[in-house]
Amino acid sequence: MKLNLSKIFFLVSIVLSLLTILLFNQGQKWLLVVSGYFYIITLASIKFFKIKQNKSQSLFITSYLTTTMLRLLLHLIIMLILLYFMKEKYLIALLFLINYVIFSVFEVITLLSKK
């Protein structure tokens with residue numbers, strides 16, 4: 001069974017998120033949904049970027065920067081909502097940071113690949 005790059009990054013994200021949850025608060029395993037959220041958002045963005053990448057370079061750069069800004073705002077809004085309603089604020093912030101870094105690296109590696 002061959003794993004592609006997206007599945008490897010998703011598994012790394014799940015493992016790191018699970019370790020973080022187990023280390024800080026074992027009762028909040030539902031927060032693994034954060035990894036799934038980042039995975040879905042990143043795959044949708046990459047698909048959109050691949051379409052734009054085939055067109056002009058200036059259009060790709062503009063769409064990349066705009067989409068990245070909108071995704072960052074969406075992540076911030078969702079994180080703020082979770083921070084408002086949850087008492088484990090450090091855990092939520094740490095999970096968002098871990099997943100943001102992992103999937104940002106995945107996005108850059110995927111967009112720079114020559115496929």
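Put simply, L74 and Y39 are part of the same group of oily side chains (I, L, V, M, F, W, Y) that touch within less than 4.5 Å, one to the next. Cluster membership check: V105 shares its hydrophobic cluster with I102, using side-chain heavy-atom separations under 4.5 Å among Ile, Leu, Val, Met, Phe, Trp and Tyr. Linking ILVMFWY side-chain heavy atoms closer than 4.5 Å, directly or via other members, places I78 and L97 in two distinct hydrophobic clusters. Using a 4.5 Å cut-off between side-chain heavy atoms of Ile, Leu, Val, Met, Phe, Trp and Tyr, with links allowed through other members, L70 and M79 fall into different hydrophobic clusters. Placement of I51 and I46 in two distinct hydrophobic clusters is found when ILVMFWY residues are connected by side-chain heavy-atom separations under 4.5 Å, directly or transitively.
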Give the table of side-chain donor-acceptor pairs shorter than 3.5 Å for residues 8-19, with sequence neighbours excluded, one pair per line with atom names and distance.
from	atom 1	to	atom 2	distance (Å)
S13	OG	S35	OG	3.0
S13	OG	N99	OD1	2.3
S17	OG	S13	O	2.9
S17	OG	S35	OG	2.9
S17	OG	N99	ND2	3.2

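Of the candidates T62, T68, I61, L65 forms a side chain to side chain contact (heavy atoms under 4.5 Å, CB included) with just one, namely I61. The ring-ring contact (aromatic ring centres under 6.0 Å, His included) test with F96 singles out one residue from F38, Y90, F103, and that residue is F38.
Evaluation of the side-chain hydrogen bond (donor to acceptor under 3.5 Å, both in side chains) test over residues 73-83, restricted to residues two or more places apart or in two chains, returns Y37-H75. Within the structure, the salt bridge (Lys or Arg N to Asp or Glu O under 4.0 Å) test picks out no pair touching residues 54-70 (sequence neighbours left out).
Residues meeting the side-chain contact (heavy atoms from CB on, under 4.5 Å) test with S63, sequence neighbours left out: F48, K52. Partners of Y64 under the side chain to side chain donor-acceptor pair (under 3.5 Å) rule, at least two apart in sequence or in another chain, are E107.
Taking Ile, Leu, Val, Met, Phe, Trp and Tyr as members and joining any whose side-chain heavy atoms lie under 4.5 Å apart, directly or through other members, the hydrophobic cluster of I77 also contains I81, Y84, F85.
No side-chain heavy atom of T110 sits under 4.5 Å from any side-chain heavy atom of F49.
Looking only at distances, no side-chain donor or acceptor of Q53 sits under 3.5 Å from a matching main-chain atom of F60.
N54 contributes atom CG, which lies 11.0 Å from atom CG of L59 (distance to the nearest 0.5 angstrom). Expressed to the nearest 0.5 Å, how far CG of L91 lies from CG of L83 amounts to 10.5 Å.
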